[in-house]
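Heads up: numbering here begins at 1 and tracks the sequence. Remember, it's 1-based here, ligands and their atoms both numbered in the order they're listed. Quick caveat, the model's predicted, so the values are computed rather than measured.
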Amino acid sequence: MDLKEEIKKRRTFAIISHPDAGKTTLTEKLLLFGGAIQTAGAVRSNKIRKTTTSDFMEIEKQRGISVSTSVMAFDFNGIRVNILDTPGHKDFAEDTFRTLSAVDSVILVVDSVKGVEEQTRKLMEVCRMRHTPVMIFINKMDRDGLHPYDILDELEKELNIAVCPYTWPIGSGKHFRGVYNLFKGDIEIFAPDKSTVSEKLLSTKDIKDPRLIEFVGEDNIKKLWEDIDLVHNMFESFNMSLYREGYLAPLFFGSALNNFGVLELLETFLEIAPCPGPLNAIQREVQPEEEQLTGFVFKIHANLDPNHRDRIAFLRICSGRFERNKFYYHTRLSKKIRFSSPASFMANAKSIVDEAFPGDVVGLYDSGNFKIGDTLTEGESLYFKGVPSFSPEILREVINLDPMKTKQLEKGVWQMTDEGVAQLFMQQPGNRKIIGTVGELQYEVIRFRLEHEYGAKCSFSNLPYVKACWLTTDNSAELEAFIRRKPGAIAYDKENNPVFFAESEWMLKLARENFPSIKFHETSDFKLRT
Ligand code: G4P
């Protein structure tokens, strides 16, 4: 098959949601309907959501499992589907945001009872920023939740995106029986099933089909007739280009747990979701059909086995054909590297791949060559946009509790921050190490891993800062003056870029006003422009 054909048959996406909305359940059901697994529960996602911060083993266990669920690929109706997993826990939001740079579309899961939640808002903001096409799945329709019209209203208002219902619920709460496909004009009724693909009880294109009453009840069917008229009059019809540009989100109702609305979602996804398209590098736009390989690392995962310090770097292929054992150019290190055992991830099994194509994700065993955002090419110097580190919101100093293990501590902190777990800043005098994160849980993970993987012991001491911003300027005198004025609040990142720690948003605003020629960057994207 030629490259263009391979690209056309790929769909790479992420399922995102506020924790508990049903992301894991839906992922499993898509794998189930896609034939990748036989029973739900076979693949567990990397959920750290129910873990208390003191439950280290649980964190470890789940961290390990998440390697195998970082990418889940399966073939369905001739299409290669790549699902990229995103952590549900908010403390790992940064990982999720970076994963969004490696997908071509997303499915957003919303809980019908809770409606739009904090993470739903944040994730949608990132999607809108990137113009990522979004499909929305309103889950848990089997519970007494918001009325469908209210949900639509809330989504449009709170998420700032036009929505168009693609399916419509038949009944709700304990009377929820399935969905009507507004676009195909048909109904498929499934027996509810929590663990396997359910039996199809009825499939009809006639909403007056008398057999429907038997399966969904007279009241439900009458309500559906009324709703269909209203919905067709009230809402935008589906428009492919608005969806592809990220302005219009087709909406699906269902219950992932009971298998309702899942097949409709999967089938429509395969019809309308985009295949890999052009991606923006700093230097130029990269087309997937280009013969030469390009790809970037969006995630790095430490090996679970502490005796093997190697890690897996996840590379999203952007163009060309990736081949095993071929030399590729690592643009940041200006060196050629080849990979003898690149891994692909089919459902929950990992295997060595000989080749991969745009949209695919390969796992590269790495002994320390990669950082998040690194690019592989066939010789060109390229950096892809949008794989940034974000300004951390919690900053803590690392206190070494075992001076005999200083080297191990340094190494561990350095390697873990390369993985994107957290960010490291150094402050003089005394070479103080400050770790910045977007969530509390990260500190527990770091402390635990330092002890178990590196044999080093540390604690963290709180610092009174709420944000770290990278500083750049054309006016070096002003930057020097600023650094002199605020020595305690200045540190340096791993590449020796100066960073300002702000005690409050107000202090940051003041600094911006008083030092107008200094730029205070809240993501690390600026590094690519220099
Ligand atoms: P997440 O990955 O977004 O965090 O959510 P997850 O799928 O784990 O679902 C969160 C809870 O919601 C789970 O219950 C799950 O069974 C339930 N759930 C998911 N889809 C539906 C649905 O369509 N209807 C109903 N009623 N519940 C649903 P749990 O009790 O927290 O976990 P578990 O013991 O069932 O695994």
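- At least one test fails for R80 against the ring of F74: distance under 6.0 Å to the centre or angle within 45° of the axis.
- Contacts with ligand 1 closer than 4.0 Å are made by heavy atoms of both the backbone and the side chain of T25.
- Counting heavy atoms closer than 4.0 Å to ligand 1, residue M141 contributes nothing at all.
- Of the polar atoms of P19, none of the N or O atoms is found under 3.5 Å from an N or O of ligand 1, judged by distance alone.
- Between A256 and ligand 1, at least one N/O pair is under 3.5 Å apart.
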Exercise. Run the ring pair (Phe, Tyr, Trp, His ring centres under 6.0 Å) check on F238 and Y166 step by step: do they pass?
Worked result: CA-CA 8 Å; F238 177 67; Y166 213 101; 5.6 Å; yes

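- Note: no N/O pair closer than 3.5 Å links N258 and ligand 1 by distance alone.
- Side-chain atoms of E393 and Y465 form no donor-acceptor pair, as typed in the model, at a separation below 3.5 Å.
- Residue-level proximity to ligand 1 for L257 is carried by backbone and side chain together, each with a heavy atom below 4.0 angstrom.
- Among N139, I15, T27, the residue whose heavy atom lies closest to atom 20 (N) of ligand 1 is N139.
- Salt-bridge formation is not detected for the pair D104/R10: no Lys NZ or Arg NE/NH1/NH2 atom is positioned less than 4.0 Å from an Asp or Glu carboxylate oxygen.
- Side-chain contact annotation: N239 with S237, donor-acceptor N/O pair under 3.5 Å absent.
- If you number the atoms of ligand 1 from 1 as listed, the ones under 4.0 Å from a heavy atom of T24 come out as 1 (P), 2 (O), 7 (O), 8 (O).
- Atom numbering of ligand 1 starts at 1 in the shown order; those under 4.0 Å from a heavy atom of S255 are 22 (C), 23 (O), 24 (N).
- Tested against W168 for a ring-ring contact (aromatic ring centres under 6.0 Å, His included), the candidates Y149, F183, F176 yield a single pass: Y149.
- There is no side-chain donor-acceptor pair under 3.5 Å between D111 and N139.
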